[in-house]
Amino acid sequence: MNTMFAWAPGGGQIVLILVVVLVLFGARKIPELAKGLGQGIREFKKATKEVTDEIQNAGNEKSAPQKTATNGESPAQTVAQSSNPPKT
């Protein structure tokens with residue numbers, strides 16, 4: 001016997017659990033409970049995704065190279081010069 005799945009409920013145990021839930025909560029409350037469970041899972045996945053996105057973005061911001069001017073000027077001077085149109 002595989003000891004890794006020894007704790008998992010079998011078919012008969014699942015049916016027994018479903019019958020107990022049906023008796024305790026009634027047929028009308030089960031859809032509401034399932035809806036609440038689904039919303040909770042959705043919120044958890046959303047929060048997990050937001051946290052992983054923040055971690056990835058923080059890593060990308062730290063590893064992004066800084067712009068340097070190719071002609072020896074600082075980036076601020078290069079931007080200032082490029083924003084001024086040439087006078088004719």
Side-chain angles (χ1 to χ4, degrees):
M1 184 170 147
N2 192 353
T3 57
M4 189 166 135
F5 296 108
W7 59 270
Q13 292 169 336
I14 291 175
V15 170
L16 180 64
I17 291 170
L18 291 175
V19 168
V20 169
V21 168
L22 183 62
V23 169
L24 289 176
F25 296 108
R28 294 181 187 173
K29 287 284 186 182
I30 292 177
E32 293 174 19
L33 291 172
K35 182 180 177 183
L37 181 64
Q39 287 176 344
I41 291 172
R42 191 177 313 118
E43 289 291 326
F44 179 76
K45 286 183 179 181
K46 180 181 173 185
T48 303
K49 185 178 184 312
E50 288 176 357
V51 168
T52 55
D53 288 345
E54 279 188 37
I55 291 172
Q56 288 176 351
N57 288 340
N60 290 342
E61 289 175 4
K62 287 182 181 178
S63 64
Q66 297 212 356
K67 281 186 151 182
T68 57
T70 56
N71 58 1
E73 297 176 342
S74 69
Q77 291 172 338
T78 305
V79 171
Q81 288 176 355
S82 65
S83 64
N84 295 332
K87 295 179 182 178
T88 56

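When reading the values below, keep in mind they use all heavy atoms of this one structure, side chains included, and skip hydrogens, waters and symmetry mates.
Checked against side-chain contact (heavy atoms from CB on, under 4.5 Å), D53 has the following partners two or more places apart in sequence or in another chain: K49, Q56. Take K46 and apply the salt bridge (Lys or Arg N to Asp or Glu O under 4.0 Å) test, not counting sequence neighbours, and it matches no residue. In terms of the salt bridge (Lys or Arg N to Asp or Glu O under 4.0 Å) criterion, residue partners of E32 (sequence neighbours excluded) are, by chain and number, K29. Listed by chain and number, the residues in a side chain to side chain donor-acceptor pair (under 3.5 Å) with K35 amount to none (sequence neighbours excluded). With sequence neighbours left out, the side-chain contact (heavy atoms from CB on, under 4.5 Å) criterion links L33 to F25.
Applying the 4.5 Å side-chain rule to ILVMFWY residues, one finds I14 in the same cluster as L18.
Between N60 atom CG and I55 atom CD1 the span is 12.0 Å, to the nearest 0.5 Å.
Hydrophobic clustering (side-chain heavy atoms under 4.5 Å, transitive across Ile, Leu, Val, Met, Phe, Trp, Tyr) groups V21 together with L24.
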